[in-house]
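Here's the structure we're looking at; comments come further down.
Every number for a ligand or one of its atoms is a count from 1 in the order of the listing.
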Amino acid sequence: MDPRRILLAISGGIAAYKAPELVRTLRRADHVVRCALTPEAERFVSPLSLQAVSGETVRRDLFDAGEEGEIDHIGLADWADLVLVAPATANLLAKMAAGLADDLVSTVLLATRAPILVAPAMNVNMWSHPATQANLAVLRDRGVAVVGPDSGELACGWEGIGRMSDPSVIAVAAAAHGVPPTLIGTRVLVTAGGTAEPIDAVRSVTNRSSGKMGFAIANEAARRGAEVVLVAGVTSLPTPFGVRRVDVRSALEMRAAVLAEFDEASIVIKAAAVADFRPIEVSGRKIKKEELAGGASLTLELVQNPDILQEISARKGDRTIVGFAAESHDVLAAAKRKLSRKGCDLIVANDISRSDAGFDVDENAVLFVWPSGEVEELPLLPKPGVAAQLFDRIEKLREGR
Ligand code: CTP
């Protein structure tokens with residue numbers, strides 16, 4: 001992705017302490033970064049640290065003659081290819097929605113013609129408040145993009161949605177934002193996460209898939225303007241913005257949900273880790289140890305689940321269908337066999353034996369394996385980066401038809 005001139009606007013929330021790391025992540029990708037702080041942000045992060053990591057003078061005061069002399073606020077607004085607001089507090093989002101310009105940051109945000117990306121961070125109740133959601137709706141209507149927030153433990157002691165996204169995720173979104181919405185009018189169906197096959201009333205057989213890859217794909221499709229349906233298996237991830245989510249648990253439920261959405265979809269991406277087998281018998285009650293003969297072992301008999309990818313590929317029509325291949329050895333050979341067996345347009349193969357990529361981590365190193373025999377090896381990338389590469393290929397494939 002091309003280097004950009006990024007103005008990082010920092011508002012006053014606890015997540016501002018991550019700003020220097022964000023600057024470093026952006027600079028590692030060769031972007032030029034200048035920082036502008038609200039007066040409240042200075043309570044959480046030092047302008048001197050930001051100056052040191054950005055290598056640029058930090059702007060704070062709209063009326064400081066020295067600062068304005070070097071680059072005035074309109075010059076700063078015009079300089080940026082992208083304005084990134086991280087963290088974006090509820091207060092700053094409200095000011096942006098209302099068009100207020102009472103300090104340097106809000107003035108630059110009103111004056112700039114560059115695309116704007118915000119990374120909100122706040123208490124869960126402030127985030128879900130109708131006022132904040134209404135402000136976000138106004139901003140989105142104006143073309144402002146939003147990354148995060150994530151769910152988890154919040155600095156205020158609450159648990160829930162409100163954590164600023166990880167700097168590496170924001171950096172990928174920043175590099176990609178402003179890209180034209182190339183998938184407007186396209187329906188994309190994505191499956192993500194693992195399935196859980198019930199054994200009894202409380203137990204199931206499942207796998208370690210986190211759903212992160214599939215969720216990143218759904219997010220990327222929505223960002224490019226597609227209408228997105230995400231069939232989500234077992235995962236704790238929040239629904240990406242603009243995505244319709246259908247929750248399922250077992251492979252049979254996933255199959256039913258995929259078939260129900262299939263006719264309307266033009267692109268189908270099966271990133272889910274579907275369990276290949278399910279217990280033949282499911283006890284409606286909890287199996288008790290004392291009920292087992294001899295009190296020792298329990299034997300589960302498993303039956304194969306239907307192969308959803310194979311089934312939909314058999315009636316592909318003019319859809320583009322992408323499968324994933326999770327392999328622990330002989331990755332390429334296994335992926336090629338899987339591609340011809342399943343009959344899809346592309347297999348995204350990953351080596352799940354690597355500890356730094358694939359299952360349950362934020363990055364992935366994948367191979368794109370094409371029916372022509374062509375193989376592309378991508379470097380280790382954050383999962384949103386893999387998703388962007390995937391859609392670049394899918395769009396090219398569909399253009400060539
Ligand atoms: N898949 C599916 N239905 C299944 C099993 C897998 O739709 N019952 C899809 C997955 O979503 C993925 C692709 O098929 O896109 C490959 O899944 P993977 O688990 O790697 O392969 P399997 O087909 O299960 O084969 P194996 O376990 O033998 O490697």
- Message: Check Arg337 with Glu327, please: is the shortest side-chain N to carboxylate O separation under 4.0 Å?
- Response: no
- Task: Kindly tell me which protein residues have any non-hydrogen atom under 4.0 angstrom away from an atom of ligand 1, grouped by chain and ordered by number?
- Result: Lys270, Ala272, Val274, Asp276, Pro306, Asp307, Ile308, Leu309, Gly323, Phe324, Ala325, Ala326, Lys338, Arg341, Lys342
- Query: More than 12 non-hydrogen atoms from neighbouring residues, nucleotides or ligands closer than 6.0 Å to CZ on Arg43, yes or no?
  - Reply: no
- Message: Check Asp81 with Arg5, please: is the shortest side-chain N to carboxylate O separation under 4.0 Å?
- Response: yes
- side chain to side chain donor-acceptor pair (under 3.5 Å) partners of Arg24, counting only residues at least two apart: none
- Query: Any Lys/Arg nitrogen of Arg224 or Asp392 sitting under 4.0 Å from an Asp/Glu carboxylate oxygen of the other?
  - Reply: yes
- Message: With a 4.5 Å cut-off on side-chain heavy atoms, are Arg59 and Leu7 touching?
- Response: no
